[in-house]
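Here's the structure, in C-alpha cells; my notes come after.
Residue numbering restarts at 1 for every chain, and letters A, B, ... go by the order of the sequence lines.
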There are 2 protein chains.
Amino acid sequence: MNTVTEENYLKALHHLADELGEVNVGVLSKHLNIKMPTVTSMMKKLADKELVHYESYKPLKLTEKGVLKARMVIRKHRLTEMFLEKVMGFSWEEVHEIAEQIEHINSPLFFDKMDELLEYPKADPHGSPIPNRAGELVMEKLRKLSDCLVNETVEICAVTNTTSGFLQHLNLRAITLGTVVTITNVDDYDKTVTVTYNEKTTTISAMVGGQLLVR
Amino acid sequence: MNTVTEENYLKALHHLADELGEVNVGVLSKHLNIKMPTVTSMMKKLADKELVHYESYKPLKLTEKGVLKARMVIRKHRLTEMFLEKVMGFSWEEVHEIAEQIEHINSPLFFDKMDELLEYPKADPHGSPIPNRAGELVMEKLRKLSDCLVNETVEICAVTNTTSGFLQHLNLRAITLGTVVTITNVDDYDKTVTVTYNEKTTTISAMVGGQLLVR
DNA sequence: TAATTTTGTTTTGCTAATCTAACTTTATAG
DNA sequence: CTATAAAGTTAGATTAGCAAAACAAAATTA
C-alpha cells in the first residue's frame with residue numbers, strides 16, 4: 001500500500017506536470033515545502049516502486065502506474081469535495097481542506113458510495129474534472145479569463161486555486177461557476193480585467209483572472 | 001497535535017479501562033497487536049504529554065486530559081458510524097472499518113456538521129453512546145444477555161463487538177437493536193441461551209450472548 | 001571557454017514507531 | 001520462603017520521513 005506521504009508526492013507530481021509540463025526536484029520541493037534532499041530520496045523510493053521515472057539531474061516523470069495512482073487520489077479528493085458541498089452543505093471555500101485529509105482514506109466502498117449518491121458527477125465544486133474509476137481524466141481545454149479580449153462573452157467554468165481566501169474573494173463579487181461575463185476592458189498596463197455580469201461591473205486583477213478558467 | 005498512533009493508544013486505553021477496570025502493558029499490547037517494549041515506550045511518551053499516568057510495573061491509567069482526548073476520538077468514530085449508516089446508507093457491519101480511519105480526521109467543522117445533520121444522536125448504530133463536544137459520556141449500565149434468566153423479557157440495546165462477522169451472524173438471526181426477546185431456556189452446561197422474538201425461536205451461544213447488551 | 005551561479009545529490013543525523021534479544025521485577029507454586 | 005514462571009523494561013536495530021552541511025553537476029554569463 002501507499003502511505004499518505006507517497007500519495008501527496010504523486011498528486012503533486014501529477015498536478016505540476018499538468019501545470020508546467022516538466023517537473024524537476026526544485027519545483028516539487030517548493031510546492032510541497034520539503035527540502036530537496038528529501039525529495040531526491042523519495043523519488044528514488046518511488047522509482048523503486050515503479051511509480052516515477054527517475055534519473056539524476058533529469059526532470060521527474062510519473063510512470064503510467066504512477067499516473068493512475070495519482071489520479072485515484074485526485075478522484076477521491078474531488079469526489080469528497082463534491083460530497084461535502086452537495087450532501088453535507090459545506091460551501092466551496094470550506095471543502096478543500098477537509099478533502100485534503102479524506103482523500104487518503106483507504107476504502108473503495110466509501111468513495112464508490114459517494115459517487116453513487118452524487119450520481120456520478122463529472123466535476124467538483126471548483127470545476128475540476130473527476131477521474132473515473134479506471135483513472136481516466138477528460139481534461140477540457142479551457143482558457144484563462146486573463147487571456148480573453150475585450151468584448152468577449154464567456155462562462156466561468158473552473159478555478160485553479162481552491163484556497164478559502166481566493167474563493168471568498170470571488171464570493172464577494174458574486175462570481176460562481178456558471179457565471180457568464182462580458183469583458184468590457186483590459187488595462188494596458190496591469191492587465192486588470194473589467195467584466196459585466198448580472199447588470200454589475202467588477203474589476204478582476206490579472207492574478208485572479210489567471211486563476212479563472214472560461215469557455 | 002496528536003498522531004494517529006497516539007490516538008489509537010488513547011482509544012484502546014479508554015476502551016480497556018471501561019471493559020476490564022485495570023489495564024496493564026500486556027493487555028494493551030495484545031489488544032493493539034504491538035509488542036510490549038513498544039507499548040512501554042509509548043506509555044512513557046504519553047506520560048510526558050500528561051495523557052497517561054505511568055509508573056514501571058504499575059497498571060496504566062489515563063489522566064483526565066487523556067480521557068478527554070480519548071473521548072474526542074470515540075466521538076468522531078461513533079458520529080462517523082452513525083453518519084455512514086443514516087446519511088450514506090451503509091449497513092451496521094460495514095461502518096466500523098471505515099470509521100476506524102475517519103476518526104483520525106482533524107476537522108471539528110466536519111464532525112460538528114455530521115452531528116447537526118444527524119440531529120445530535122446519543123448513540124451509534126451499535127448502541128454505543130456518543131460523547132458530547134465536552135467529552136461527557138453517559139454510560140447507561142446495561143446487562144449482558146448471557147446474564148439474563150429464564151422467562152425474562154429484555155430489549156437488545158447494544159453490541160460490544162462491531163466486527164462484520166459478528167454482525168452478520170446477528171443479521172442472519174434478524175436481531176437488531178430494539179429487538180425484544182424472551183429467554184425461554186439457558187443451557188446448564190454450555191450456557192447457550194434460547195430466545196423467542198417475533199414469533200421465532202433462536203439459540204444464542206454464550207459467546208454471542210456475552211456481547212449483546214440488554215435492558 | 002573559464003568562472004560563477006543554480007540546481008541537484010550525498011552524507012550524516014534526527015524523531016517516531018516499530019521490532020528482537022537480553023535482562024529485571026513481580027507474582028506464583030511448591 | 002525460595003525457585004520458577006510471568007510480566008515488564010532496557011538496549012540495540014530498523015524503516016520512514018525529514019533536514020543541514022558538504023559536495024557535484026549543469027546552466028549561465030562574462
Side-chain angles (χ1 to χ4, degrees), chain A residues 1-14 16-17 19-62 66 69-70 73 100-101 103-106, chain B residues 1-14 16-17 19-62 66 69-70 73 100-101 103-106:
Chain A
M1 259 314 120
N2 311 288
T3 65
V4 168
T5 308
E6 282 177 23
E7 288 194 343
N8 283 333
Y9 275 92
L10 293 174
K11 193 172 50 133
L13 279 166
H14 191 282
L16 292 171
E19 191 176 63
L20 310 172
E22 206 168 82
V23 188
N24 48 39
V25 172
V27 164
L28 185 53
S29 160
K30 283 251 175 60
H31 183 82
L32 291 172
N33 238 300
I34 283 172
K35 296 289 172 289
M36 288 204 296
T38 309
V39 171
T40 297
S41 70
M42 181 57 83
M43 289 307 103
K44 289 179 175 170
K45 184 174 156 194
L46 293 179
D48 281 348
K49 296 194 174 187
E50 302 191 309
L51 297 168
V52 167
H53 294 296
Y54 174 74
E55 282 180 273
S56 297
Y57 301 104
K58 297 265 174 68
L60 306 168
K61 202 163 177 324
L62 286 170
K69 288 233 167 174
V73 179
E100 279 294 297
Q101 296 183 62
E103 70 188 6
H104 302 295
I105 298 292
N106 185 333
Chain B
M1 257 317 119
N2 311 287
T3 64
V4 168
T5 307
E6 282 177 22
E7 289 193 343
N8 282 334
Y9 275 91
L10 293 174
K11 194 173 50 133
L13 279 166
H14 191 283
L16 292 172
E19 193 176 65
L20 310 173
E22 207 168 81
V23 188
N24 48 38
V25 172
V27 165
L28 185 52
S29 159
K30 283 252 176 58
H31 183 82
L32 291 172
N33 237 302
I34 284 172
K35 294 290 173 291
M36 286 207 297
T38 310
V39 171
T40 296
S41 70
M42 180 58 82
M43 288 307 103
K44 288 177 176 173
K45 184 175 155 193
L46 293 179
D48 281 348
K49 296 194 175 189
E50 302 191 308
L51 296 169
V52 167
H53 294 296
Y54 174 73
E55 282 179 274
S56 297
Y57 302 105
K58 295 267 173 66
L60 306 168
K61 200 163 180 323
L62 286 170
K69 289 234 168 176
V73 180
E100 279 293 298
Q101 297 183 62
E103 70 188 5
H104 302 293
I105 298 292
N106 186 333

May I ask you to evaluate whether Thr38(B) reaches the phosphate of dC19(C), defined as a side-chain N or O under 4.0 Å from OP1 or OP2? yes
Round to a whole Å and report the spacing from CD1 of Ile34(A) to P of dA20(D). 13 Å
Students often get this wrong, so: under 4.0 angstrom with heavy atoms, is Thr3(A) touching a base, only sugar-phosphate, or nothing? sugar-phosphate
Do the side-chain N or O atoms of Tyr9(B) get closer than 4.0 angstrom to the phosphate oxygens (OP1, OP2) of dT18(C)? yes
If you compare every side-chain N and O of Thr40(A) against the phosphate oxygens of dT9(C) (OP1, OP2), does one of them come in below 4.0 Å? yes
Enumerate the protein-to-nucleotides 21-26 of chain D contacts in which both atoms are nitrogen or oxygen and the separation is below 3.5 Å.
from    : atom 1 : to       : atom 2 : distance (Å)
dA25(D) : O4'    : Tyr57(A) : OH     : 3.3

Going by the rule salt bridge (charged side-chain N to carboxylate O under 4.0 Å, His left out), which residues pair with Lys61(A) if we only count those two or more places apart in sequence or in a different chain? none
Whole-Å distance between dG8(D) P and Glu55(B) CD? 14 Å
Can you list every pair that meets side-chain hydrogen bond (donor to acceptor under 3.5 Å, both in side chains) and has a residue in residues 3-13 of chain A, with sequence neighbours left out? Glu6(A)-Lys45(A), Glu6(A)-Lys49(A), Glu7(A)-His104(A), Asn8(A)-His104(A), Lys11(A)-Glu100(A), Lys11(A)-Glu103(A)
Do any side-chain nitrogens or oxygens of Lys44(B) fall under 4.0 Å of OP1 or OP2 in dT9(D)? no
dG8(C) C1' sits how many Å from Met43(A) CE, rounded? 13 Å
Residues forming a salt bridge (charged side-chain N to carboxylate O under 4.0 Å, His left out) with Lys44(B), sequence neighbours excluded: none
Which atom pairs, donor and acceptor, lie under 3.5 Å between side-chain atoms of residues 27-37 of chain A and protein residues at least two apart or in another chain?
from     : atom 1 : to       : atom 2 : distance (Å)
Ser29(A) : OG     : Ile34(A) : O      : 2.5

Of all residues at least two apart in sequence or in a different chain, which pass the side-chain hydrogen bond (donor to acceptor under 3.5 Å, both in side chains) check with Asn2(B)? Lys69(B)
Whole-Å gap separating P (dA16(D)) and CD (Glu6(A)): 9 Å
